[in-house]
Protein chains: 2
Amino acid sequence: MSQKPFVSAQEVAERAGVSRSAVSRTFTPGASVSPETRRKVVEAAEVLGYHVNHLARGLMLNESGIVCLIVSEMGTPYRSSLIRAVTQQLQDAGKIAMLVNTDRSDGSVDLALRQAIRYRADASIILSGMPDKSLTQLCLKNGQRLVLINRDDDQEGPLRINLDDAAAAGRLVTAFLRAGCRRLAFANSEAGTPSLMAREHGFVAAAKAMGLEVVVERYGPTGYESGRVLAQRLLTLSERPDAVFCATDLIACGFMDAARHQFSISIPDQLCVAGFDDIEQAAWSSYQVTTFAQPVEAIAREAVTWLGSDDAEDPAARNHSVRLNADLVWRSSIRGG
Amino acid sequence: MSQKPFVSAQEVAERAGVSRSAVSRTFTPGASVSPETRRKVVEAAEVLGYHVNHLARGLMLNESGIVCLIVSEMGTPYRSSLIRAVTQQLQDAGKIAMLVNTDRSDGSVDLALRQAIRYRADASIILSGMPDKSLTQLCLKNGQRLVLINRDDDQEGPLRINLDDAAAAGRLVTAFLRAGCRRLAFANSEAGTPSLMAREHGFVAAAKAMGLEVVVERYGPTGYESGRVLAQRLLTLSERPDAVFCATDLIACGFMDAARHQFSISIPDQLCVAGFDDIEQAAWSSYQVTTFAQPVEAIAREAVTWLGSDDAEDPAARNHSVRLNADLVWRSSIRGG
DNA sequence: CACGCAATTGCAAAACTGTGCAATTCTTTG
DNA sequence: CAAAGAATTGCACAGTTTTGCAATTGCGTG
């Protein structure tokens with residue numbers, strides 16, 4: 001392992017005939033270096049293949065430039081698109097993303113957060129699960145920023161980015177009614193994520209306000225297969241629903257496939273379906289599912305700009321929460337429009 | 001920015017009433033510490049919330065534990081599943097993944113690799129694009145390992161993991177023939193990736209060996225939309241193909257959707273279709289596309305175990321190349337079976 | 001030419017860890 | 001109880017960077 005180490009500023013300094021400091025200053029924007037020495041340093045660095053050591057730099061400045069992304073099921077379309085957006089914006093802001101996988105097990109997020117602390121990440125962005133409160137407090141106490149995306153939590157300190165899941169779900173009820181639907185159903189997974197539950201409750205509440213009951217069914221993980229199972233359960237009821245809101249586009253895809261191929265139901269003629277997330281597949285012509293768009297770019301922008309801003313000191317900004325809208329994307333899985 | 005820094009080993013040592021070395025040794029597996037001092041140190045560390053600083057550790061050991069993943073279009077199903085697999089296996093091996101986005105622009109991969117050098121990554125895994133040769137040489141010279149996945153390159157030094165794209169594509173010809181197809185076509189993107197071209201050439205060559213001509217069409221990026229366009233081009237030919245091999249499952253999905261919904265062609269009765277990658281959507285009942293499975297777990301395992309092994313010194317292992325099989329996954333987009 | 005001012009440069013300290021080496025303590029055996 | 005051997009502990013250094021402070025250089029002006 002102990003290979004000959006990377007080339008250091010010392011070596012560059014010697015080759016350029018200047019001091020270490022000059023090398024450092026050359027690569028520090030805004031530092032005072034004469035054009036002549038800068039030229040010599042850059043030249044020597046080029047020849048030797050010198051790159052500033054960000055480990056040492058982070059040690060010195062107490063600012064590593066690393067942002068830790070904590071996420072489970074990253075192979076899923078919505079998650080991966082969010083990872084892509086965040087990673088890109090971090091890069092544009094001169095930072096770099098560290099990726100940590102979590103699974104459903106309990107201590108998993110805690111372990112991930114500990115990893116973030118070990119590498120002295122400037123911030124952690126949590127896309128899945130919730131860490132223990134004492135651990136988040138530790139992060140904050142040590143000056144590490146925290147961003148919680150779609151995690152309902154009222155701690156002070158972290159930036160909390162949330163969607164108007166409930167409100168969006170509510171708007172869908174009127175859309176279903178306008179399409180002439182009366183027997184509403186909600187197809188959810190058993191994950192119990194805050195956003196999933198908000199969609200469910202928002203939908204049920206809005207329906208109730210209109211004097212309608214909603215059949216709620218929950219099954220398995222949040223994915224395509226669960227959608228199929230949910231279809232089998234909901235479409236074999238004696239009072240078969242004529243409108244189903246699926247908690248997720250993946251669920252919606254599974255639901256629609258089962259409805260069409262197994263029950264020979266025509267969508268949207270006999271059954272209206274809606275989803276959430278606006279994943280790429282929702283736009284595929286086999287599905288064309290009406291859905292709510294996750295504003296991934298906006299989410300990423302909010303997170304990254306907050307990380308870049310210096311309002312950690314500002315006590316007013318300590319309790320920062322952002323609520324974004326999920327716009328309805330109208331496609332042909334609901335009648336009318 | 002200059003918050004009160006994280007708690008250091010020094011503080012733990014003072015609280016535990018031992019020397020800083022004792023703290024270090026407590027967290028170094030295999031070091032000599034008495035059970036008594038270990039207890040005191042662990043206790044103090046627990047109370048103070050101490051975590052070893054991996055930046056300083058990496059500086060000292062010349063081994064950061066960081067592995068850089070360089071990848072473009074990470075929102076795509078195949079890419080994201082590979083990222084998931086690699087990230088997970090790296091974690092299991094005690095390392096951590098750094099994620100760098102690249103776009104199509106030319107210097108993009110070089111920039112990413114420079115970032116890997118700055119953070120003194122132990123290794124870089126390149127999933128997309130090819131860096132400049134001088135830069136890979138610089139990486140290797142500095143003891144950074146390099147893994148190229150599905151990049152055809154014959155440099156010595158990096159581990160090269162490749163699929164038998166051409167051979168797999170060849171096997172497909174006989175499957176098409178057995179289904180009674182005679183007018184073969186290949187639907188490719190314009191990306192020109194080594195693996196995509198290998199599939200194309202392997203398919204064309206095997207067909208030629210059977211005395212059959214293949215209509216090759218290329219268009220746009222490697223995605224669903226391109227599949228639709230390719231369908232419009234291939235299915236309006238005077239001699240309409242009765243078997244199409246799509247370079248990617250995403251292309252296949254777009255192709256099938258256009259074929260069915262736009263041209264009212266029945267699959268597999270009037271047209272056989274195959275894809276590549278075995279993404280999750282390929283198994284969805286709207287597609288059920290016969291395809292070749294990317295062995296993502298095996299790829300990840302090969303990469304990570306090689307990174308863990310100490311055969312960098314071994315000159316015989318310097319030139320290490322792995323070739324994996326892509327197994328045919330039979331579904332109902334091809335007749336018979 | 002001498003002087004003052006601005007710009008540049010170098011020294012040294014600080015950040016945090018792992019580890020070789022010597023010194024100390026503990027255990028065991030005669 | 002003495003002594004040898006083993007285990008443990010502490011000191012000090014190395015590794016790479018940034019930056020405050022002091023010293024030096026360069027330049028314009030009286």
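A, B, ... follow the sequence lines: proteins, then strands. Residue 1 opens every chain.
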message: Can you list everything that forms a salt bridge (charged side-chain N to carboxylate O under 4.0 Å, His left out) with A/R84? Sequence neighbours excluded, please.
response: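 By the salt bridge (charged side-chain N to carboxylate O under 4.0 Å, His left out) rule, A/R84 matches A/E297.
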- request: Output all residues satisfying salt bridge (charged side-chain N to carboxylate O under 4.0 Å, His left out) with A/E73, sequence neighbours left out; order by chain, then residue number.
  value: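 Partners of A/E73 under the salt bridge (charged side-chain N to carboxylate O under 4.0 Å, His left out) test: A/R104.
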Side chain to side chain contact (heavy atoms under 4.5 Å, CB included) against [X], all qualifying residues, sequence neighbours excluded:
{"X": "B/S32", "answer": "none"}
{"X": "B/V109", "answer": "B/I70, B/T102, B/P131"}
{"X": "A/S24", "answer": "A/T28"}

message: List the residues meeting side-chain hydrogen bond (donor to acceptor under 3.5 Å, both in side chains) with B/T26, not counting sequence neighbours, and say none if there are none.
response: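 If we apply the side-chain hydrogen bond (donor to acceptor under 3.5 Å, both in side chains) test to B/T26, skipping adjacent residues, there are no hits.
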field: Distance in angstrom units between A/L55 CG and D/dT18 P, rounded
entry: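 Rounding to the nearest Å, CG of A/L55 and P of D/dT18 are 12 Å apart.
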message: Return a single string for nucleotides 8-19 of chain C, one symbol per nucleotide in 5' to 3' order, where B is base contact, S is sugar-phosphate-only contact and - is none, cutoff 4.0 angstrom on heavy atoms.
response: BBBBB-B-BBBB
message: Ignoring hydrogens and geometry beyond distance, is a side-chain donor-acceptor pair present between A/N101 and B/T87 at under 3.5 Å?
response: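 B/T87 and A/N101 do not have a side-chain donor-acceptor pair below 3.5 Å.
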query: What does the inter-axis angle of the helix from C/dC1-D/dG30 to C/dG30-D/dC1 come out as, five pairs per end, nearest 10 degrees?
result: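 Overall, the helix from C/dC1-D/dG30 to C/dG30-D/dC1 bends by 40° from one end axis to the other.
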message: Suppose the criterion is side-chain hydrogen bond (donor to acceptor under 3.5 Å, both in side chains): which pairs have a residue in residues 42-57 of chain B, not counting sequence neighbours?
response: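 Residue pairs with at least one partner in residues 42-57 of chain B: A/R114-B/H51.
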